[in-house]
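Accompanying notes for the structure given below.
Excluded from the calculations below are hydrogen atoms, water molecules and symmetry mates; all remaining heavy atoms, backbone and side chain alike, are included. Just so you know, ligand 1 is whichever comes first in the structure, and atom 1 is the first atom listed for that ligand.
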Amino acid sequence: MSSPATETNTEQVLAASRLALDPRIEQAKKLILEAVAEHQSSLAEIRGADESLAAEYQQVLDSFGKLRGGNLYFPYLASGIGNGPFVELADGSVKLDLITGIGVHGFGHSDPRLIEAGIEAALCDTVMQGNLQQGVNSVDLVSLLCETANESGAGIDHCFLSTSGAMANENALKIAFQKNFPANRVLAFDHCFAGRTLCLAQITDKAAYRVGLPDTIAVDKLPFFDHKDPEGSTQRAVEALQQHTSRYPGQHALLWMELIQGEGGYYLGHRDFFVALIDEAKKHNIAIIADEVQTFCRTSRPFAFQHFELDQLVDIITIGKISQVCATLFRDDYNPKPGLISQTFTGSTWAILAAQKIVKSLIDDGNFGPDGKNMMLFNHFESGLKAISQKYPSALTGPHGIGGMVAFTPGNGSADAAKAFVGKMYDAGLMSFMAGANPARVRFLMPLGCVTTDHIDIALKIIESVAAEMAS
Ligand SMILES: Cc1ncc(COP(=O)(O)O)c(C=O)c1O
């Protein structure tokens, strides 16, 4: 099935198709996109705030901080327009955004393809779609996601949409618990991040995010892969898994895996490590869940489980962030009983249309593959960071990450050093964020649909000048 706008044989029957193909709509779209292009063309470089807007901007920030019960991390309020990785703030400044809302704005700001999707969505009958009433575009999206997941023979049969990574993850947990009832324990890695619901806060390995919360599920931890000791770390993780499963026989419902630790600080796993753990877990019928909320579309393949060649080994996968709509994908033998997963909202119509454009464009534009854009952009960023590290080793080490996920360790790796580095770069017009602890890292989640090596070079100049300042 495909949406009314593209299905010519529905043209005579459906008013929606006739509306989508109405020449006035085409003309309006053209005019809107022309106007956006004209106004965004002035936003092609970093610039400072306009002094005449400073006092009012500060007032708005202060009152927002009061209303939401705490100040924003960055004094950042977007004006509503940008140009690729450049974004205009309401104080008139222009920032180079390489953190993209922690991986959400994968096509940067005011991307014409997504604006077009927005116009098409505005012409649809509802703002939101939900489980009771969905549009044909939801069908197109879940088909695309299943097809993409099955590119190398994964055998994923189902895809359930939701509005946040946490909700996609909650659905994954519920599906696995129901399938493996009465097993009710979880295996998860040290330093992982899974979300902030009452349940996911137990899996997320950060004590501060659980302060004052009741224990909801029992989680047994496994050490993550250590690239400095591949065999030893694999053995330790398998032994930990064996200890947990023999201490609580038959009680583990699932193994929760972030294949590349995101919030934990951009640590990569390894195929052999995952295979060893999965082999052991499968002996106990434990469901294998890959949390790809942060990694989706950021490695050499659309899914990180494909990058690590785990196609036949994962049972449930969750995605989010860059896809705008979040989703839980799963095999048929995990299909839950009716009523277990359902939501009022599955996503906004714009998010659903944008998700399709994003996934299709990244595939068509050559972002994937061992020599695709994702890996090429990373290599460029990595070699620039290595050069800076050689010049200022006391200020910057690493780099780390893969594809659209880039990180380095600032100074002595303390939280203060990371905060200072991020803050100085922000003041110079470059947006990044922290990740991990001991060491804390500075990270970038590049807008892979629009970023070029020229943009990375601008970022590298700023990073170098901050490193020089930190080193002195
Ligand atoms: C790996 C991972 N899982 C889950 C989540 C939670 O997603 P959300 O913030 O959309 O609920 C995140 C968010 O950072 C994440 O990185």
Side-chain angles (χ1 to χ4, degrees), residues 73 99-106 160-176 186-206 208-210 213 217 219 221-222 224-225 254-269 274 288-299 302-305 307-308 310 314 316-329 341 343 345-348 351-352 354-355 358 400-407 431-437 441 443-446 448:
Y73 186 82
I99 192 61
T100 60
I102 317 193
V104 180
H105 317 309
F160 194 89
L161 301 179
S162 51
T163 46
S164 71
M167 200 61 222
N169 282 353
E170 280 278 327
N171 286 337
L173 277 181
K174 286 159 77 177
I175 289 170
V186 171
L187 290 158
F189 293 125
D190 291 340
H191 312 304
C192 75
F193 183 90
R196 296 169 191 267
T197 64
L198 276 174
C199 242
L200 294 167
Q202 306 293 323
I203 298 179
T204 293
D205 191 13
K206 186 119 182 188
Y209 298 167
R210 280 197 298 275
L213 303 185
I217 49 171
V219 182
K221 288 283 172 179
L222 308 174
F224 194 65
F225 180 70
L254 59 113
L255 168 58
W256 190 272
M257 302 201 303
E258 243 182 309
L259 304 175
I260 300 160
Q261 296 202 310
E263 301 305 294
Y266 287 29
Y267 291 89
L268 267 71
F274 295 125
I288 310 301
I289 301 185
D291 176 349
E292 297 218 25
V293 170
Q294 191 156 154
T295 52
F296 182 58
C297 283
R298 292 199 170 273
T299 65
F303 289 86
F305 77 75
H307 174 88
F308 289 107
L310 303 172
V314 290
I316 304 173
I317 306 114
T318 58
I319 62 163
K321 290 186 183 278
I322 198 170
S323 51
Q324 313 300 299
V325 174
C326 302
T328 311
L329 297 102
I341 53 174
Q343 290 134 201
F345 296 148
T346 49
S348 76
I352 287 164
I358 286 166
H400 311 276
I402 186 172
M405 306 170 74
V406 184
M431 294 195 67
S432 65
F433 200 50
M434 286 85 63
R441 287 179 172 169
R443 65 169 150 166
F444 302 92
L445 281 156
M446 291 188 276
L448 294 163

Pairwise side-chain contact, [X] with [Y], heavy-atom cut-off 4.5 Å (strictly under):
| X | Y | result |
| --- | --- | --- |
| Phe224 | Asp190 | no |
| Gln202 | Arg210 | yes |
| Ile402 | His307 | yes |

Nearest protein heavy atom to [atom], by residue and atom, and its distance?
| atom | result |
| --- | --- |
| atom 12 (C) of ligand 1 | Phe193 CE2, 3.5 Å |
| atom 3 (N) of ligand 1 | Asp291 OD2, 2.8 Å |
| atom 16 (O) of ligand 1 | Gln294 NE2, 2.9 Å |
| atom 7 (O) of ligand 1 | Gly165 CA, 3.4 Å |
| atom 14 (O) of ligand 1 | Lys321 NZ, 3.0 Å |

When you measure from atom 6 (C) of ligand 1 to each heavy atom in Gly103, Ser162, Gly262, Ala166, which option holds the nearest one? Ala166
Test item: Arg441 side-chain N/O and Gly265 main-chain N/O as donor-acceptor pair under 3.5 Å: yes
Is a side-chain N or O of Lys221 found less than 3.5 angstrom from the main chain of Ile203, in a donor-acceptor match? yes
Quick one: does Ala194 get within less than 4.0 Å of ligand 1, heavy atoms only? yes
What do you reckon, does Asn169 put a non-hydrogen atom under 4.0 Å from ligand 1? yes
Determine the sole option in Phe308, Phe305, Phe303 for which the side-chain contact (heavy atoms from CB on, under 4.5 Å) test with Val314 is passed. Phe305
Under 4.0 Å to a heavy atom of Glu258 - the qualifying atoms of ligand 1, by number: 1 (C)
How about His400: does its NE2 atom have over 12 heavy atoms from other parts shown lying under 6.0 Å from it? yes
May I ask whether atom 9 (O) of ligand 1 is less than 4.0 Å from at least one protein heavy atom? no
